Amino acid sequence: MLREGKIPADNRVALTPAHCKWIHKTSTEVRVIAQASPERCYSDKEYLAAGVEVREDMTGCDILLGIKEVPAKTLLPGKTYLFFSHTKKQQPDNRQMFRAILEKKITLIDYECLEHDDGQRILGFGFFAGVVGAHNGIMAYGQRTGEYNLGRVHQQQSFRELIHTYFGLRLPEIKVAVTGSGRVAHGVLEVMNLLEIVEVEPDEFLERSFSYPVFTQLKGGGLYEHVQTKTYHREHFHAHPQDYRCTFLPFTRTADILMNGIYWDKNMPRLFEWEDMVHPDFRIKTIADITDDKEGSIPCNLGEASMEAPIYGVDRQTRQRTAPYLPGSVDVMAVGNLPNELPRDASRYFGQQLIKYVLEPLINGGSKIIDRATMVRGGQLMEHYRYLSEYAGVR
Ligand SMILES: NC(=O)c1ccc[n+]([C@@H]2O[C@H](COP(=O)([O-])OP(=O)(O)OC[C@H]3O[C@@H](n4cnc5c(N)ncnc54)[C@H](O)[C@@H]3O)[C@@H](O)[C@H]2O)c1
């Protein structure tokens with residue numbers, strides 16, 4: 001297990017001390033070694049107590065596990081690496097690292113590319129991103145209105161402790177629109193349920209008022225329709241998003257808070273446009289953009305905020321970033337590393353999936369899932385990733 005080299009260092013881990021202990025108990029062939037780190041959400045001491053060797057030099061290890069990008073100069077030749085490389089969309093910042101991976105004849109298995117046969121991602125921190133993002137959205141609305149007060153997630157040691165802070169909280173009659181159907185959306189729904197926000201159907205949400213807080217969940221079919229046929233077919237939409245229009249607009253006129261958890265890319269229609277935000281009926285006051293694409297599905301996502309100051313305002317007329325909670329602005333929560341506020345829970349969930357679907361088959365000779373996620377093997381770009389040739393600097 002590598003120490004995170006990206007700055008600022010990520011505090012999540014691929015395997016918790018309990019996971020390592022379990023691996024040692026169930027396999028005599030595998031030994032986990034942790035590179036010493038002051039930043040992890042589990043301390044070196046906790047790993048040592050679980051029987052994990054903590055050391056600096058990783059040259060004796062066969063498989064190296066990280067979380068985020070590994071700095072090019074620290075990559076060890078000939079090793080097998082697993083981490084989120086953020087290279088499959090040819091992200092310019094990681095080109096040099098990717099080229100070093102090929103030059104150093106490394107094998108790279110990217111967590112993001114580990115998928116079941118039907119394309120569903122196996123590993124991800126989305127659930128806890130949804131939990132933290134939903135909490136922050138509700139917290140920001142409370143700050144704006146002064147009607148209630150919620151603290152920060154990272155002040156709590158764990159999700160369980162966070163839940164205790166919800167005891168006795170009485171929310172006003174807010175309406176929350178939740179978009180998406182993946183892991184992020186599941187995390188959001190968890191918080192909605194814990195806060196006893198009642199789920200209602202989209203049509204009721206649009207047409208009725210309620211004397212208690214409510215939310216509605218909008219999945220693909222509730223958000224998009226084919227321009228001509230006015231229907232929605234998931235696979236067709238994924239392949240031809242440009243043929244669809246978004247049907248979210250009426251919700252901008254009924255929701256107080258938007259929790260955005262969809263998958264988005266630039267061929268997809270946005271949820272609404274800047275022009276819609278100046279309409280007198282635009283009601284949304286707080287947007288938790290957990291999806292978090294700058295100027296993406298949410299036009300007023302002006303770029304990331306930090307965990308330290310997660311909320312900023314955006315003036316609906318001038319489109320400029322402002323302080324949060326001003327009368328003419330919408331509050332936006334757009335943080336890219338939300339699970340870092342609950343790193344121990346997020347790591348526990350991640351490690352479980354990693355052991356189940358990746359480490360066991362990896363050690364026992366591989367699997368189709370691993371093959372598909374292997375971007376580079378021994379310095380060679382794999383067939384599936386040939387489209388990255390130019391990015392990787394190979395012919
Ligand atoms: N801010 C953060 O800290 C943070 C953390 C994790 C995820 N995210 C982002 O949140 C978004 C949702 O993540 P998730 O973990 O819920 O993802 P997920 O993989 O669990 O679910 C994504 C959903 O989108 C659908 N989908 C997949 N590919 C699609 C395509 N090509 N076109 C249309 N729909 C598609 C899937 O069917 C699934 O229902 C992503 O954009 C992700 O990058 C942000």
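Because the structure is predicted, anything quoted here is derived from the model rather than measured. Ligands are counted one by one from 1 in listed order, and the atoms in each one are counted from 1 as well.
The aromatic rings of Tyr111 and Phe84 sit perpendicular to each other, their planes meeting at more than 60°, with 30° as the lower class boundary.
Those atoms of ligand 1 that come under 4.0 Å of a heavy atom in Gln120, given as number and element, are 37 (O). Taking every heavy atom of Leu338 and a limit of under 4.0 angstrom, the matching atoms of ligand 1 come to 1 (N), 3 (O). With ligand atoms numbered from 1 in the order given, ligand 1 contributes 3 (O) to contacts under 4.0 Å with heavy atoms of Asn337. In summary, the atoms of ligand 1 found under 4.0 Å from a heavy atom of Arg234, numbered by their order in the structure, are 36 (C), 37 (O). For ligand 1, the atoms lying closer than 4.0 Å to a non-hydrogen atom of Val184 are 7 (C), 10 (O), 12 (C), 13 (O), 14 (P), 15 (O), 16 (O). Atoms of ligand 1 found under 4.0 Å from any heavy atom of Gly126, numbered from 1 in the order shown, are 6 (C), 15 (O).
Counting protein heavy atoms only, atom 44 (C) of ligand 1 is closest to Ile290 O, 3.1 Å. Nearest to atom 29 (C) of ligand 1 among the protein's heavy atoms is Tyr263 CD2, 3.4 Å. With hydrogens left out, the protein atom closest to atom 5 (C) of ligand 1 is Ala129 CB, 3.3 Å, a heavy atom. Summary of contacts: the protein heavy atom closest to atom 21 (O) of ligand 1 is Gly182 CA, 3.3 Å. For atom 41 (O) of ligand 1, the nearest non-hydrogen atom of the protein is Thr291 CG2, 3.6 Å.
The cluster map of Ile, Leu, Val, Met, Phe, Trp and Tyr, joined by side-chain heavy atoms under 4.5 Å apart, puts Tyr325 and Tyr312 in different clusters. In terms of hydrophobic clustering, with Ile, Leu, Val, Met, Phe, Trp and Tyr side chains grouped at heavy-atom distances under 4.5 Å, Met259 and Phe210 are assigned to different clusters.
Leu388 approaches Phe98 most closely through the heavy-atom pair CD1-CZ, 4.0 Å.
With Tyr148 as the aromatic partner, Arg170 does not meet the cation-pi criteria of under 6.0 angstrom to the ring centre and within 45 degrees of the ring axis. Note that Arg183 lies outside the cation-pi zone of Tyr349, set by a 6.0 Å cut-off to the ring centre and a 45° limit from the axis. Geometrically, Arg12 engages Phe125 in a cation-pi contact defined by less than 6.0 Å to the ring centre and at most 45° from the axis.
Distances between N or O atoms of Pro339 and those of ligand 1 include no value under 3.5 Å. Of the N or O atoms in Ser181, one or more lie within a sub-3.5 Å distance of an N or O in ligand 1. Considering both main-chain and side-chain atoms, Asp292 never comes within under 3.5 Å of ligand 1 through any nitrogen or oxygen pair. Checked against a 3.5 angstrom limit, the closest N/O atoms of Val335 and ligand 1 fall inside it. Taking any N or O of His238, backbone or side chain, at least one lies under 3.5 Å from an N or O belonging to ligand 1.
Interatomic distance, OH of Tyr232 versus CZ of Arg234, reported as 6.5 Å (0.5 Å rounding). Atom CG of Leu342 and atom CD of Gln157 lie 10.5 Å apart (nearest 0.5 Å).
Protein heavy atoms are found less than 4.0 angstrom from atom 12 (C) of ligand 1.
In the displayed structure, Glu147 atom CD is contacted under 6.0 Å by more than 12 heavy atoms of other residues, nucleotides or ligands.
Contacts of Asp293 with ligand 1, taken as heavy-atom pairs under 4.0 Å, are absent altogether. Residue-level proximity to ligand 1 for His186 is absent, since no heavy atom of it falls below 4.0 angstrom. By the criterion of a heavy-atom distance under 4.0 Å, the backbone of Ile262, and not its side chain, is placed next to ligand 1.
Gly261 counts as a contact of ligand 1, since one of its heavy atoms falls under 4.0 Å from the ligand. Using a 4.0 Å cutoff on heavy atoms, Gly124 does not count as a contact of ligand 1. Close to ligand 1: Met268, with a non-hydrogen atom less than 4.0 angstrom away.
One option in Gly220, Gly187, Gly336 has a heavy atom closer to atom 3 (O) of ligand 1 than any other, and that option is Gly336. When the options Met307, Glu112, Arg183 are ranked by their closest heavy atom to atom 15 (O) of ligand 1, first place goes to Arg183.
A salt bridge links Asp371 with Arg377: the closest approach of a Lys/Arg side-chain nitrogen to an acidic carboxylate oxygen falls below 4.0 angstrom.
Applying side chain to side chain donor-acceptor pair (under 3.5 Å) to Tyr244 and the options His226, His236, His233 leaves one that passes, His236.
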What donor-acceptor contacts under 3.5 angstrom involve side-chain atoms of residues 353-367, with partners at least two apart or in another chain?
unit_1, atom_1, unit_2, atom_2, d
Asn364, ND2, Glu360, O, 3.0
Ser367, OG, Ile369, N, 3.4
Ser367, OG, Ile370, N, 3.1

Next item on the list: List the steps and the verdict of side-chain hydrogen bond (donor to acceptor under 3.5 Å, both in side chains) for Thr322 and Asp315.
Entry: CA-CA 6 Å; Thr322 67; Asp315 189 293; over 6 Å; no

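Remark: aromatic rings of His135 and Tyr166 are close, center separation under 6.0 Å.
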